[in-house]
Amino acid sequence: MSKRVLVSGGAGFIGSHVTVELIEAGYDVVVADDFSNSDRTCYDGVRKITGREDIPLVEMDFCDLEATRKLFSDYAIDAVIHFAAFKAVGESVAEPVKYYSNNLTSFLNVIQAGRAAGCKNILFSSSATVYGEPDTVPVTEKTPRKPATSPYGNTKQMCEDILRDSVLAYKGLRGIALRYFNPIGAHPSALIGELPRGVPNNLVPFITQTAIGKRECLSIFGDDYPTPDGTCLRDYIDIVDLAKAHVYAVRRMLDGRMEEDYEIFNVGTGRPVSVLELVNAFEKVNNLKLNYKFAPRRPGDVTAIWADPTLANEKLGWKAERTVEQTLASAWAWEKHLAGK
Ligand code: WQD
């Protein structure tokens, strides 16, 4: 019998891509989402890509403990992947209570209700933001975490700690935290992708919206960083590559192959790319010119961070495969799909 995986936040950007990869790997999936920062677009896209009309969708808020309990009793869940969370760094600074309350309560409820229902496997979507401005790059999982610079980042650190402590305390529980670097791009079908609300904070949605004419001009934040071309360095990872890492991690849990009951993996490419390089690659692969200008640094940005993905490569047997060019072409195809072009 195939194992069933609950994807909280399964209608979102990462959750929808992970749902596709899980289904294609033979898992049963239950998608749960409150649509607070998503709509039906990606859920419908997932059904189209997989050809599965019958993927259960539960509309609910994980801050509701009773609803969370009901979900776990309605479905026999073998593993949970928890994405459901608020994710805007700037908003979290303005509204910390909203972030702490939502991101912590929902995760605590998942652990609590899952445990009561006998679900032993929890995968948490963490972030490279937990490393802050690292003293050395690339970062390994042993690189010390730095004090978080935003309530959003702090909730990622706190949820990692909640998972670690829960695994330590509750016999039989296993946890994996995946620390994502910068997920970009869209499914090659262009049926699912990122749906930013309002003005995008992240680089690639801003690039594609500028290219399509929704935004006038991209500001490149800072050209005087101590990097080869003066712009920041990041580890941009293709969303489908990132989604596949979840399948490997879930399999490792469900097959009983974890070496510790709580494990952490960086999910990145190991390849630093500057903002300017990314912009140039986008122009080249999509054969267009982007309107951009240099602007002052954005407060809070780190100069350079990229992953050492060796642990995930060796222990999960996973590796990022797609080139930046392929990924940027997929991001552009998705933006055009949204514009009906
Ligand atoms: C990348 C680079 C910017 C926009 C953030 C969160 C992190 C994670 C992912 C998500 C930086 C530059 C950006 C623009 C620019 N969280 N940039 N012009 O800051 O690395 O990570 O998103 O849920 O926690 O902190 O990603 O895409 O915002 O920026 O020049 O209009 O692009 O300065 O160097 P970041 P990003």
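FYI, side chains are in, hydrogens and waters are out, and symmetry mates aren't considered; it's all heavy atoms of this structure. Order of listing sets the numbers, starting from 1, for every ligand and every atom in it.
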Q: In terms of residue, atom name and distance, what is the protein heavy atom nearest to atom 26 (O) of ligand 1?
A: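 Protein heavy atom at minimum distance: N182 ND2, 3.1 Å.
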Q: Which residue holds the protein heavy atom closest to atom 19 (O) of ligand 1, what is that atom called, and what is the gap in Å?
A: R298 NH2, 2.9 Å
Q: Provide the number and element of each atom of ligand 1 under 4.0 Å from a heavy atom of K87.
A: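 Within the 4.0 Å cut-off of K87, ligand 1 contributes 23 (O).
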Q: Show the atoms of ligand 1 that are less than 4.0 angstrom away from any heavy atom in C232.
A: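 Within the 4.0 Å cut-off of C232, ligand 1 contributes 34 (O).
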Q: Would you check if there is a donor-acceptor pair between the side chains of N266 and Y180 at a distance under 3.5 Å?
A: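 Short answer, no.
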Q: With a 4.0 Å heavy-atom cut-off (strictly under), which part of T231 contacts ligand 1: side chain, backbone, both or neither?
A: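 T231 to ligand 1: no contact under 4.0 Å from either part.
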Q: Can you confirm whether the side chains of S38 and D33 place a donor and an acceptor under 3.5 Å from each other?
A: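 D33 and S38 do have a side-chain donor-acceptor pair below 3.5 Å.
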Q: Quick one: are the ring centres of Y236 and F181 less than 6.0 Å apart?
A: no
Q: What protein heavy atom lies closest to atom 4 (C) of ligand 1? Include the residue and the distance to one decimal.
A: N201 O, 3.5 Å
Q: Provide the number and element of each atom of ligand 1 under 4.0 Å from a heavy atom of I220.
A: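 Numbered from 1, ligand 1 contributes 30 (O).
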Q: Would you mind checking if K289 and E283 are paired as a salt bridge, meaning a charged N to carboxylate O distance below 4.0 Å?
A: yes
Q: Relative to the heavy atoms of V275, which atoms of ligand 1 are at a distance of less than 4.0 Å?
A: 2 (C), 12 (C), 30 (O), 32 (O), 34 (O)
Q: Pull out every atom of ligand 1 sitting under 4.0 Å from any heavy atom of D301, numbered as shown with elements.
A: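 Answer, ordered by atom number: 3 (C), 19 (O), 33 (O).
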Q: Before accepting this row, confirm whether a basic side-chain N of the pair K319/D241 lies closer than 4.0 Å to the acidic partner's carboxylate O.
A: no
Q: Please report which non-hydrogen protein atom sits nearest to atom 9 (C) of ligand 1, along with the residue it belongs to and the distance in Å to one decimal place.
A: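 So the nearest neighbour among protein heavy atoms is N202 ND2, 3.9 Å.
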Q: Looking at the rings of H17 and F83, which for Trp means the six-membered one, are their centres under 6.0 Å apart?
A: no
Q: Using a 4.0 Å cutoff against the non-hydrogen atoms of S219, which atoms of ligand 1 qualify?
A: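 Near S219, the atoms of ligand 1 are 14 (C), 15 (C), 18 (N), 30 (O), 31 (O).
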Q: Taking the non-hydrogen atoms of Y225, is any one of them nearer than 4.0 angstrom to ligand 1?
A: no
Q: Provide, to 0.1 Å, the distance between atom 30 (O) of ligand 1 and the closest protein heavy atom, together with that atom's residue and name.
A: F221 N, 2.9 Å
Q: Which residue from Y236, F294, F181 reaches closest to atom 2 (C) of ligand 1 through any of its heavy atoms?
A: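 Selected option, by shortest heavy-atom distance: Y236.
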Q: Which one holds for Y152 and ligand 1: side chain close, backbone close, both close, or neither close, with close meaning a heavy atom under 4.0 Å?
A: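 Side chain only.
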Q: Using a 4.0 Å cutoff against the non-hydrogen atoms of S127, which atoms of ligand 1 qualify?
A: 24 (O)
Q: For the pair H337 and W334, name the ring-plane relationship: parallel under 30°, tilted 30 to 60°, perpendicular over 60°.
A: parallel
Q: Do the ring planes of F124 and F107 sit parallel (below 30°), tilted (30 to 60°) or perpendicular (above 60°)?
A: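 The rings of F124 and F107 sit tilted, inter-plane angle from 30° to 60°.
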Q: Would you mind checking if K284 and E325 are paired as a salt bridge, meaning a charged N to carboxylate O distance below 4.0 Å?
A: no
Q: Could you tell me if S274 and D229 have a donor-acceptor pair between their side chains, going purely by distance under 3.5 Å?
A: yes
Q: Is a salt bridge present between R145 and E160, judged by a nitrogen-to-oxygen distance below 4.0 Å?
A: yes
Q: What protein heavy atom sits nearest atom 20 (O) of ligand 1, and how far away is it?
A: R234 NE, 2.6 Å
Q: What protein heavy atom sits nearest atom 6 (C) of ligand 1, and how far off is it?
A: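 It is V89 CG2, 3.8 Å.
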Q: Does the N or O separation between L203 and ligand 1 drop below 3.5 Å for any pair?
A: yes
Q: Might you confirm whether atom CG of N287 has over 12 heavy atoms from other residues, nucleotides or ligands at distances under 6.0 Å?
A: no
